[in-house]
Amino acid sequence: MNFNFLNDLNESQRQAVEYIDGASLVIAGAGSGKTRVLTYKIAYLLTKGFPPSSILALTFTNKAAREMKERIAQIVGERTARYLWMGTFHSIFSRILRNEAQYTGYSKNFTIYDSSDSSSLIKSILKERNLDTKVYPPGLIQSRISTAKNNLITPEAYAVNIDFIKNDRQSRIPLLSEIYQTYCNRCKQADAMDFDDLLLQTNVLFRNHPEVLEKYQQLFQFILVDEYQDTNFAQYLIIKKLAEHHERICVVGDDAQSIYSFRGANIDNILQFRNAYHDARIFKLEQNYRSTQTIVNAANSLIDKNRAQIQKTIFSEKEIGHPIKLLSVFTDYEEGMTVAEHILELYASNNYRYADMAVLYRTNAQSRILEETFRKQGIPYRIYGGLSFYQRKEIKDVIAYCRLVCNQNDEEALKRIINFPARGIGETTVGKLVECAQNNNVGIWEVLTNLNKYNVPVNAGTASKLNDFHNMIETFSKEVEIKNAYELAVDIVKNTGLLNEANFDHSTESISRKENIEEFLKAIHEFCENKQEEGESLPILSDFLSDVSLLTDQDTDKDSMSDKVTLMTVHAAKGLEFKAVFIVGMEEELFPSMFRITNERELEEERRLFYVAITRAKERCFISYAKSRFRNGKTNFCTPSRFIKDIDPQFLEFSQEKEPAFQKKKYMNWDDEVENERNRFYSETNEKETYSEAQTTHFAPRKLKKLDQSSDEKIITDNSSFPVGTMVKHQLFGIGKVLETSISNGNEKASIDFGEKGVKSLLLKFAKLEVVK
DNA sequence: GTAAGAAAAATTTTT
DNA sequence: TTTTTCTTAC
């Protein structure tokens, strides 16, 4: 082993690595060598005599875990690195839950429900109870249940909590508590855990079985947690429990990069670390090795506008570099062209390959237009996100078959494929099965196995179809334990006719579906080979399934070698870096998202998201915003994001665009107008007034009329349906009071105070408001 | 019971 | 715009 690796570290990094006697928090600014510290720390622990199997290292993504493992393997060798407990929270604790299945009430091979399984289960529960999905929106229920689980509130605890019950009654969803209970019962019956369960059930396991907890407390001599700012309460408590005795724990994170609160992440975990671990040492990694001084300073000036944060001074000793270039364009289409031009220019300079560049956006929907322009311009690109490989219909179908074969209680899988490929078992029949199952308090599979016993009211033809289906699944399931996963999967795909179904015509889509299935089978094959290399004689299908359900698209980047521009959301870009970064769509209501501008906490998170975006850039950063954007089927007029103003202008450069060839004649005077607006933009001191004023003052009204009949002005109105002071009810936000109604862009808006949920500005045509007396 | 076609609705981030 | 749900005709 190379003992000199500590020399690669700067002073604060080295201190962070060498402190192993107690709890520590490492505040790792963007680009400060966080991964290096983590990997070296693990290597250091190994040299200090900690066996690899006594080190628990938790990451946020599979990719991060894999990369870190590789880097550690380079230092200490693969044979040692292999035994580290390193992975995502979800994968590590699903492993523990499987190992300890005897204590959990679930089987060793429990199924993992993904969010679409959860959602469809919730929908069936609502349907069975005859509840209107307008009163009980499935999405809202799902997120409430998820929040409850993330905060370790079991259905039993929920039912007796007066605050929740009162709150639900106020939101007009008093049955939520019961739905939550039913949801959990049904998951249990299906021998399935959803993502949140993996953390919740781990906590339940540790609470109910101190001897099991004790075992893992002993096992894990040292615990490391990456991306600590993104942990939720369930994760916090698991770590706290595991580290209780020895408190040899090191968490690494950056509060400035906390961007997952919508998933339950609690930034207070990192801000209040000392409350949980009183003697914790705090190390700050403040030198940024990634970006130019300009980029670092610009990002600093931005994040400085947030209130909740840990004091730190991020600095760079790299060159000053180029200013961040603002690209003001008229349309989203033009934005794509401008970005494309810059990409081609950088590429032509020979200093940048395509793979050195990334385009980051707030929402996936923005990728389409970029894709179009890149195709036209012949720029190779790769899109991350959107529909992941495992989310494709044909793949989900194959997985559903595999799931059902491994676990006949998996009702979501069963419902998905009982009539796919079509075999004459329609909705009515499934309805009868479900009803029968409910009445007898058993699972659908049980009913399917004993059609006669349960007197399912179906005719002979249907009964025989049901039996055929039942027998087919049963035949496969008998082979699960004795057959190699790959062989069984091939059997399933062949015998069920899934391949034919996918390839029913010769369209490109059809061929691609077929290829996807083949690709999937190949993945199973690889899985088997890997397992066999590790010495497992018979890798079975259920093993593969427990792996695959925790994989995401990030884990399946096949051609990372090829020279392509990366297109992804800012969220997906966390942890990555590129020589040049284009942040597009920096407009109000898009970035920051319109859903998050009324709540200060959420707005700060949006700002952190922008901070993450900027700090991905090593050398060049471009920020673009369009005046108009095609969104949700129509053209919207946009104003530049308030966040642009948060950046100290000394780090910015405005585009001095020459007339691009593609620019239409009617936009000829645009540059002048933009110039005016820029001046206005920065001389403006009254934040509130800036954008609406700028709009009316600097747009020649005549011109606007030519483009769109509607005006950009915000006009305060007196809406007869919702006069000021009216109490209204909103699906998501509950009861609120109308503060103001207005018309802007021809859209009727209302500003409504929802109390705890904050003041929201809603478009009346979207928000289905009901007046309450 | 099925499939296509029409109408309506929803538009964020994801382990 | 895309996706989901509803309707209608086979």
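First the proteins, then the strands, lettered A, B, ... as listed; each starts at 1.
Note that Lys149(A) lies outside the cation-pi zone of Phe195(A), set by a 6.0 Å cut-off to the ring centre and a 45° limit from the axis. Annotation: cation-pi geometry not satisfied between Arg144(A) and Tyr180(A) (NZ/CZ under 6.0 angstrom from ring centroid, within 45° of ring axis).
Salt bridge present: Glu605(A) and Arg608(A) bring a charged side-chain N and a carboxylate O closer than 4.0 Å. For Arg631(A) and Asp332(A), the salt-bridge test fails: no basic side-chain N is under 4.0 Å from an acidic carboxylate O. Taking 4.0 Å as the cut-off between side-chain N and carboxylate O, Arg416(A) and Asp410(A) do not count as a salt-bridged pair.
Distance CG (Asn636(A)) to P (dA10(B)): 17 Å, rounded to an integer number of Å. Taking atom CZ on Phe591(A) and atom P on dT11(B), their separation rounds to 20 Å, with Å as the unit. When the P atom of dT15(B) is taken as reference, atom CG of Asp114(A) falls 12 Å away, rounded to whole Å. Rounded to an integer number of Å, the gap from Ile369(A) CD1 to dT11(B) P is 21 Å. With rounding to whole Å, Arg263(A) atom CZ is found 13 Å from dT13(B) atom P. Computed from coordinates, the Asp547(A) CG to dT15(B) P distance equals 16 Å when rounded to whole Å. When the C1' atom of dT11(B) is taken as reference, atom CZ of Arg629(A) falls 14 Å away, rounded to whole Å. For Leu590(A) and dT12(B), the CG to P distance is 10 Å, given to the nearest whole Å.
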Dot-bracket for DNA chain B, 5' to 3', counting Watson-Crick or G-U wobble pairs under 3.5 Å, with [ ] for crossing pairs and | for inter-strand pairs? ||||||||||.....
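A sub-4.0 Å separation between OP1 or OP2 of dT2(C) and a side-chain N or O of Arg368(A) is present. Proximity of Asn364(A) to the phosphate of dT13(B): a side-chain N or O atom is located under 4.0 Å from OP1 or OP2. Residue Thr569(A) places at least one side-chain N or O under 4.0 Å from the OP1 or OP2 atom of dT14(B).
Asp194(A) comes within 4.0 angstrom of nothing in the nucleic acid, heavy atoms only. Using a 4.0 Å heavy-atom distance criterion, Ser115(A) is classed as making no nucleic acid contact. Using a 4.0 Å heavy-atom cutoff across all strands shown, Phe630(A) reaches sugar-phosphate atoms only and no base atom. Residue contacts shown for Phe262(A) include a base, since a base heavy atom lies under 4.0 Å away.
Applying the 3.5 Å distance criterion, the base of dT11(B) shares no donor-acceptor pair with the side chain of Arg631(A).
Between Glu606(A) and Lys432(A), the one whose closest nucleotide on DNA chain B sits nearer the 5' end is Lys432(A).
A distance of about 23 Å separates the C1' atoms of dT5(C) and dT12(B), rounded to the whole Å.
In the set dT2(B), dT15(B), dT14(B), dT15(B) carries the atom at the smallest distance from any side-chain atom of Phe195(A). Comparing atom distances between the Asn419(A) side chain and each of dT12(B), dT2(B), dT14(B) picks out dT2(B) as nearest.
Looking only at atom types and distance, the side chain of Tyr390(A) has no donor-acceptor partner in the side chain of Asp114(A) under 3.5 Å away.
For Phe578(A), there are no ring-ring contact (aromatic ring centres under 6.0 Å, His included) partners two or more places apart in sequence or in a different chain. In this structure Tyr236(A) satisfies the ring-ring contact (aromatic ring centres under 6.0 Å, His included) test together with Phe233(A), sequence neighbours excluded.
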